[in-house]
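Inspection log for the structure reproduced underneath, given as structure tokens.
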Amino acid sequence: VTLAACGGSDSGSTGGSKSSGELSGTVTWWDTSTVGSEDKVFKKLAEGFTKKHPKVTVKYVNVPFGEAQNKFKNAAQSGSGAPDVIRSEVAWTPEFADLGYLAPLDGTPALKNQDDFLAQAAASTKYNGKTYAVPQVIDSMGLFYNKKIFKEAGVEAPKNIAELKTAAAKIKEKTGKTGLYLRGDDAYWFLSFLYGEGGDMVDAENKKITIDNEAGVKAFKTVKDLVDSKAAITDATNGWDNMQAAFKDGKVAMMINGPWALADTYAGKEFADKANLGIAPVPAGSAGQGAPQGGHNLAVYAGSKNLDASYAFAEYMSSAESQAQVTKELSLLPTRQSVYLQSEVAGNEKVGFFKPAVDKAVERPWIPEGGSLFAPLVTEYTKVLTGQTTPEQGAKTVGDGYRKLLKDWK
Ligand SMILES: C[C@H]1O[C@H](O[C@H]2[C@H](O)[C@@H](O)[C@@H](O[C@H]3[C@H](O)[C@@H](O)[C@@H](O[C@H]4[C@H](O)[C@@H](O)[C@@H](O)O[C@@H]4CO)O[C@@H]3CO)O[C@@H]2CO)[C@H](O)[C@H](O)[C@@H]1N[C@H]1C[C@@H](CO)[C@H](O)[C@@H](O)[C@@H]1O
């Protein structure tokens with residue numbers, strides 16, 4: 001029996017808010033935002049819900065991004081401990097929906113003004129003709145750079161891999177610092193290079209595995225060369241902390257990252273003067289330029305005992321007003337067209353950079369297995385970067401892993 005059936009049956013039970021129409025009861029929300037930079041903004045926003053609905057208690061729980069997906073699946077499967085609302089990363093959403101763990105939102109207050117959502121942000125909330133979440137933030141990646149180091153070395157933001165290597169060599173020669181920190185323990189950081197060679201993980205439309213085609217092998221060669229040529233440094237583990245530390249301390253001139261890194265980056269001594277941070281499109285490869293699309297949605301657990309308050313909470317947290325507040329405090333990207341038109345958002349320099357990057361970001365397949373493509377990829381990506389396997393062998397191993405995951409795909 002899928003949970004959705006159970007969820008539907010007891011939605012009118014205790015904790016609901018049938019009688020007076022006034023919402024009541026508790027809404028537990030699992031937030032995955034970064035502790036120490038993003039979480040306090042989202043917690044404050046969530047607690048603001050009770051100002052509008054005094055009889056509702058919001059229980060804010062921060063669950064680390066790396067743990068939340070499985071924690072939610074386990075809780076939903078066992079039928080105990082799942083939150084009413086979860087911050088569901090774009091790739092988790094189709095998977096949770098396919099498992100029946102999410103309440104369809106069609107026809108509920110959660111989807112008020114749904115036409116205002118960016119099409120590419122809404123795409124990851126749709127599954128089998130229904131809508132299972134509301135988009136909260138959308139993101140892509142850019143080349144973050146330290147303007148002071150660039151000036152000292154006399155370099156400009158590189159537009160392609162060749163310019164990236166030239167700039168890195170000049171930075172090394174003139175300042176002794178390394179050009180790029182390339183995160184090596186998270187395959188999301190490989191995608192811009194894969195797209196740059198005209199490759200992709202899969203071709204979902206034609207149910208084909210493409211990671212091990214010529215473009216895929218070329219992308220692995222490109223990233224390996226960046227490290228071997230000393231244009232970039234990398235780590236096999238603890239990549240986020242090492243990348244942020246290296247960039248914030250001015251040990252490297254560049255890193256590839258997204259809007260979610262801004263709050264933490266600005267806390268670094270090199271960027272106490274925010275003007276010292278430059279952001280450019282990720283360098284193009286031999287076949288073109290492209291960065292991945294990421295982001296997070298808000299989804300309602302199918303077994304929630306308080307669906308009405310949960311629908312209202314999801315709508316409130318992704319409302320134009322809430323999104324404008326989050327952009328103001330964290331420079332994260334809204335998912336509503338109308339919010340980009342607000343003067344304060346339109347004047348936000350980092351939004352001004354990332355919105356065009358999002359508009360041309362390479363969309364991923366919103367299939368239940370979409371998120372599972374990263375684990376097999378990161379293993380080989382890290383091994384290629386650290387010389388433990390060749391680009392050819394690495395690509396082939398990932399392709400074989402994908403063919404096991406996506407049975408009838410070629
Ligand atoms: C491996 C994972 O592969 C995929 O994830 C992709 C993801 O699909 C890509 O989109 C991309 O995500 C961007 C993201 O879009 C971007 O916004 C940002 O997120 C910020 C937040 O902004 C910031 O607020 C804060 O939250 O912090 C967030 C993170 O910084 O950066 C993300 C990229 O980091 O890249 C992900 C790959 O990392 C799978 O989906 C799984 O997640 C899988 N992990 C599972 C693995 C299981 C055991 O195998 C383990 O048991 C399970 O529990 C683990 O879940």
Side-chain angles (χ1 to χ4, degrees), residues 29-43 45 61-77 86-98 120-121 123-124 133 135-142 144 183-192 194-195 201-202 237-244 255-265 291-299 317 326-327 329-333 335 354 357-358 361-382 398 401-402 405:
W29 175 43
W30 283 6
D31 178 31
T32 59
S33 69
T34 309
V35 173
S37 54
E38 298 178 308
D39 63 327
K40 46 187 178 295
V41 172
F42 284 110
K43 185 172 189 308
L45 188 64
V61 181
N62 189 286
V63 183
F65 176 74
E67 296 163 22
Q69 183 186 20
N70 274 7
K71 208 172 160 180
F72 179 73
K73 286 199 289 194
N74 295 339
Q77 185 152 47
I86 177 160
R87 190 190 198 220
S88 175
E89 205 268 346
V90 287
W92 306 350
T93 307
E95 183 193 24
F96 293 161
D98 183 56
Q120 67 271 57
S124 67
Q136 179 199 43
V137 287
I138 187 169
D139 54 50
S140 186
M141 300 180 103
F144 286 44
R183 187 172 178 186
D185 67 337
D186 185 325
Y188 198 52
W189 269 259
F190 176 58
L191 295 187
S192 307
L194 182 59
Y195 301 147
M201 301 159 112
V202 296
T237 58
N238 208 23
W240 176 262
D241 293 342
N242 295 341
M243 168 174 67
Q244 290 300 103
M255 68 174 177
I256 289 173
N257 224 324
W260 66 91
L262 285 168
D264 181 65
T265 301
Q293 179 190 331
H296 302 266
N297 303 319
L298 294 175
M317 289 297 287
V326 166
T327 301
E329 299 202 52
L330 296 169
S331 291
L332 297 180
L333 294 193
T335 59
F354 275 112
V358 158
V362 177
E363 192 157 354
R364 291 157 42 205
W366 305 125
I367 53 178
E369 305 83 353
S372 309
L373 299 175
F374 285 81
L377 179 57
V378 71
T379 308
E380 299 310 312
Y381 171 58
T382 308
V398 183
Y402 284 2
L405 196 68

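Indexing begins at 1, ligand by ligand and atom by atom, following the structure's order.
Among all non-hydrogen protein atoms, the one lying nearest atom 1 (C) of ligand 1 is Phe374 CB, 4.2 Å. Atom 16 (C) of ligand 1 has as its closest protein heavy atom Asp139 OD2, 3.6 Å. Among protein heavy atoms, the minimum distance from atom 15 (O) of ligand 1 is reached at Glu89 OE2, 2.7 Å. In terms of protein heavy-atom proximity, atom 28 (C) of ligand 1 is closest to Phe65 CG, 3.7 Å. Nearest protein neighbour of atom 46 (C) of ligand 1, counting heavy atoms only, is Gln69 OE1, 4.6 Å. Closest protein heavy atom to atom 37 (C) of ligand 1: Asp186 OD1, 3.3 Å. With respect to atom 40 (O) of ligand 1, the closest heavy atom belonging to the protein is Trp92 NE1, 3.2 Å. Regarding atom 23 (C) of ligand 1, its nearest protein heavy-atom neighbour is Glu38 OE1, 3.2 Å.
The aromatic rings of Phe65 and His296 sit perpendicular, their planes meeting at an angle over 60°, well past the 30° parallel limit. Relative ring orientation between Phe72 and Trp30 is described as perpendicular, the plane-to-plane angle rising above 60° on a 0-90° scale split at 30° and 60°. Ring planes of Trp260 and Trp240: parallel class, angle under 30° (limits at 30 and 60°).
When only interatomic distances are considered, the shortest N/O to N/O separation between Gly66 and ligand 1 falls below 3.5 Å. Polar contact check, Gln293 against ligand 1: no nitrogen or oxygen pair lies under 3.5 Å apart. For ligand 1, the polar-atom distance check against Arg364 finds a nitrogen or oxygen pair separated by under 3.5 Å.
Remark: side-chain polar atoms of Ser140 are paired, donor with acceptor, to backbone N or O of Pro292 under 3.5 angstrom. Without hydrogens or angle criteria, Ser37 side chain to Ala263 main chain gives no donor-acceptor distance under 3.5 Å.
Within ligand 1, the atoms closer than 4.0 Å to a non-hydrogen atom of Gly371 are 3 (O), 4 (C), 39 (C), 40 (O), numbered from 1 in the order shown. Atoms of ligand 1 lying under 4.0 Å from at least one heavy atom of His296, given by number and element, are 14 (C), 16 (C), 17 (O), 19 (O), 20 (C), 21 (C), 22 (O). Close approach of ligand 1 to Gly295 is summarised as follows: ligand atoms under 4.0 Å from at least one heavy atom of the residue are 15 (O), 17 (O). Under a 4.0 Å criterion applied to the non-hydrogen atoms of Gly294, ligand 1 contributes the atoms 15 (O). Each of the following atoms of ligand 1 lies closer than 4.0 Å to a heavy atom of Ser33: 24 (O), 26 (O). Near Arg87, meaning under 4.0 Å from one of its heavy atoms, ligand 1 places the atoms 23 (C), 24 (O), 26 (O). Short contacts between ligand 1 and Ala91, defined as distances under 4.0 Å to a heavy atom of the residue, involve ligand atoms 8 (O), 40 (O). Those atoms of ligand 1 that come under 4.0 Å of a heavy atom in Thr32, given as number and element, are 25 (C), 26 (O).
At a heavy-atom cutoff of 4.0 Å, ligand 1 is contacted by the side chain of Trp189 but not by its backbone.
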Hey, mind stepping through Asn257 and Thr265 against side chain to side chain donor-acceptor pair (under 3.5 Å) and telling me if it holds? CA-CA 10 Å; Asn257 224 324; Thr265 301; 5.4 Å; no
Report the C-alpha distance between Asp264 and Thr34 in whole Å, list the side-chain angles of each, state the deciding distance to 0.1 Å, and finish with yes or no for side-chain contact (heavy atoms from CB on, under 4.5 Å). CA-CA 9 Å; Asp264 181 65; Thr34 309; 5.9 Å; no
Between Phe354 and Asp139, is a side-chain contact (heavy atoms from CB on, under 4.5 Å) present by the stated rule, with each step listed? CA-CA 8 Å; Phe354 275 112; Asp139 54 50; over 6 Å; no
CA sep, side-chain torsions, deciding dist, call: Val398, Tyr381, side-chain contact (heavy atoms from CB on, under 4.5 Å): CA-CA 9 Å; Val398 183; Tyr381 171 58; over 6 Å; no
Test side-chain contact (heavy atoms from CB on, under 4.5 Å) on Arg87 and Val137; report intermediate values, then the result. CA-CA 10 Å; Arg87 190 190 198 220; Val137 287; 3.8 Å; yes
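Closest to atom 50 (C) of ligand 1 by heavy atom, among Asn70, Val137, Thr34, is Asn70.
The closest approach between any non-hydrogen atom of Trp240 and ligand 1 is not below 4.0 Å.
In the displayed structure, Lys43 atom NZ is contacted under 6.0 Å by at most 12 heavy atoms of other residues, nucleotides or ligands.
Within 4.0 Å of atom 48 (C) of ligand 1, not a single protein heavy atom is present.
The two residues Trp189 and Met141 make their nearest non-hydrogen contact at CE2-CE, 3.3 Å.
Taking CG of Leu377 as the start and CG of Leu194 as the end, the distance is 7.5 Å to the nearest 0.5 Å. Distance check: Arg183 CZ to Asn238 CG gives 8.5 Å after rounding to the nearest 0.5 Å.
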